[in-house]
Amino acid sequence: MSLRYQAPRGTQDILPEEQPYWDWVRDTAARLAGLFGYGRIDTPVFEPAALFVRTTGEATDIVQKEMYVFQDRGGQELALRPEGTAPVCRAYLEHGLHARPQPVRLWYIAPIFRYDRPQAGRYRQHHQFGVEAIGDESPALDAEVIELLWSLYGELGLSGLTLRLNSIGDRNCRPAYVAVLREYYSDKLDRVCADCRDRFQRNPLRLLDCKQESCQPVIAGAPALTDHLCAECAEHFAQLRGYLDALGIPYELEPRLVRGFDYYTRTVFEVHPPVEGAQSAIGGGGRYDGLIEELGGPPTPAVGFGTGIERIILNLKRQEVAVPQGRGVQAFVAYQGAQARLSALRLASRLRRQGIATVVATGDRSLKAQMRQADARGARYALILGPREVETGTVTVRRLADGHQETLPAEEVVSRLRP
RNA sequence: GUGGACGUCGCCUAGCGGUCAAGGCGCCAGGCUGUGGCCCUGGAGAUCGCGGGUUCGAAUCCCGCCGUCCACCCCA
């Protein structure tokens with residue numbers, strides 16, 4: 001089929017039959033966030049492009065090749081939001097949220113845009129549920145955020161997930177580690193892949209999670225980041241692990257886990273589903289103690305996560321998790337004749353005012369066709385209004401599940417439909 | 001951005017150089033006069049993703065583009 005217009009590459013329409021999944025995820029996320037004391041925040045879909053360049057990092061893939069950047073008619077450089085954290089921090093500063101009791105706990109569900117090549121579970125527009133806890137450096141807050149993410153998956157019905165955890169140090173110890181790492185790699189560049197030679201220059205930390213077979217021996221011998229944490233970072237990390245243990249949240253230490261944004265410090269984590277696709281993380285996050293300062297605010301520690309709703313739904317389907325289905329129509333009103341049509345419209349109107357989901361037949365089709373419609377719609381009752389009913393002021397109520405049917409006075413219909 | 005597979009009615013699929021492109025699901029209608037789900041019958045619905053090329057002749061072969069999927073990159 002060739003349509004003149006189709007949804008742009010990497011975007012999708014979410015049809016009614018998909019919505020139960022979305023409702024399930026959104027409702028559960030909102031409920032949990034509330035349970036943890038987080039308040040909802042919505043930020044614009046677009047922001048000054050510089051906001052992301054500054055925070056996410058000049059050299060990151062997101063900034064280098066994945067941002068939707070455009071100029072508006074006033075000449076402003078804007079970007080469709082490629083991640084959720086920076087806008088929330090911007091709002092935190094803009095509205096003086098530092099003057100509120102710290103930490104400030106915020107959550108959002110928002111569309112995210114990245115110009116990369118779509119495949120299963122990866123889109124140019126996707127949606128994230130995210131949480132940011134700003135203004136406190138306690139590892140207890142890291143644990144809280146991780147617990148929230150972990151319980152979300154549990155509540156949703158996902159199983160077999162693994163939480164990967166690491167600490168990548170802070171402004172003090174990371175540069176020292178990167179120097180050690182560079183030193184280690186400097187005489188081995190001829191033994192690693194071309195990408196790694198590039199990473200050596202641009203983003204040395206990423207050397208650690210190269211998947212190339214040939215690079216594995218080099219990685220195996222590389223100095224571990226966690227052996228080079230400063231005392232404060234090591235202590236912070238140790239406390240966090242203690243809290244997670246106390247909360248009974250299982251995690252795997254993943255010394256090679258680094259994340260794609262420059263703003264992370266100390267804690268980083270990802271959650272992976274049991275079946276590994278190419279891009280499998282369904283959620284990830286970490287601490288970003290320097291981000292607010294980078295935006296011109298006071299030094300403000302913070303921690304948060306983002307989790308992809310499309311990927312959650314993908315895994316709900318893979319694991320055949322049954323999600324609550326919305327209630328369908330209760331009543332389908334069929335009628336015969338122009339007279340009855342008016343009665344049908346009035347009856348439907350009355351039912352809806354009583355909170356009973358009601359659909360009226362259209363097109364003056366045969367009663368048989370209307371009944372077929374009622375069945376196809378999944379209605380619980382068919383209400384039949386023909387000349388006979390109009391004349392006697394009655395309605396025939398047919399329960400579609402078993403065909404039980406009776407004709408009763410119009411006034412009694414409402415009470416009959418709600419047991 | 002790199003490599004690969006695929007693209008036939010709304011959905012799933014057959015056809016794989018030669019009459020009007022076939023079937024299932026779904027949709028619409030009918031199966032005697034006011035009634036669904038099963039069954040039967042009929043109908044609508046496809047420029048065979050788009051554009052070029054090869055050929056007497058292409059859905060079937062070749063090229064380009066678009067899209068989907070897979071791997072890489074990266075990420076949720």
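Keep in mind the model is a prediction, meaning the values are calculated, not measured. Residue numbers start from 1 in every chain, and the chains themselves are labelled A, B, ... in the order their sequence lines are given, proteins ahead of strands.
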**Prompt:** Does the side chain of A/Arg199 get closer than 4.0 angstrom to OP1 or OP2 of B/rC74 through an N or O atom?
**Reply:** yes
Using a 3.5 Å cut-off and no angle test, enumerate the donor-acceptor pairs between side-chain atoms of residues 350-361 of chain A and protein atoms at least two apart in sequence or in another chain.
| unit_1 | atom_1 | unit_2 | atom_2 | d |
| --- | --- | --- | --- | --- |
| A/Arg350 | NH2 | A/Ala410 | O | 2.7 |
| A/Arg352 | NE | A/Thr358 | O | 3.2 |
| A/Arg352 | NH2 | A/Thr358 | O | 3.0 |
| A/Arg353 | NH1 | A/Ser349 | OG | 3.0 |
| A/Thr358 | OG1 | A/Ile356 | O | 2.8 |

**Message:** Does A/Arg122 contact B/rA76 through a side-chain donor or acceptor facing the base, at a distance under 3.5 Å?
**Reply:** no
**Message:** Base, sugar-phosphate or nothing for A/Gly10? Non-hydrogen atoms, less than 4.0 Å.
**Reply:** sugar-phosphate
**Request:** Under a 3.5 Å limit for both distances, which nucleotide forms a Watson-Crick or G-U wobble pair with B/rG3, could you say?
**Result:** B/rC70
**Prompt:** What's the closest nucleotide to the A/Asp61 side chain, out of B/rA29, B/rC73, B/rC70?
**Reply:** B/rC73
**Asked** A/Ile168 and side-chain contact (heavy atoms from CB on, under 4.5 Å): which partner among A/Thr267, A/Val268, A/Thr226?
**Response** A/Val268
**Request:** Would you indicate what A/Arg259 reaches in the nucleic acid, counting non-hydrogen atoms under 4.0 angstrom: base, sugar-phosphate, or nothing?
**Result:** sugar-phosphate
**Pairing residues for A/Arg388 by the side chain to side chain donor-acceptor pair (under 3.5 Å) criterion, not counting sequence neighbours** = none
**Request:** Scan nucleotides 35-42 of chain B nucleotide by nucleotide, 5' to 3', and note B when protein non-hydrogen atoms come under 4.0 Å of the base, S if they reach only the sugar-phosphate, - if neither.
**Result:** BBB-----
**Message:** Let's test this: given Watson-Crick or G-U wobble pairing with both distances under 3.5 Å, identify the partner of B/rG45.
**Reply:** none
**Complete:** Across every strand shown, the nucleotide meeting Watson-Crick or G-U wobble geometry with B/rU54 (both distances under 3.5 Å) is none
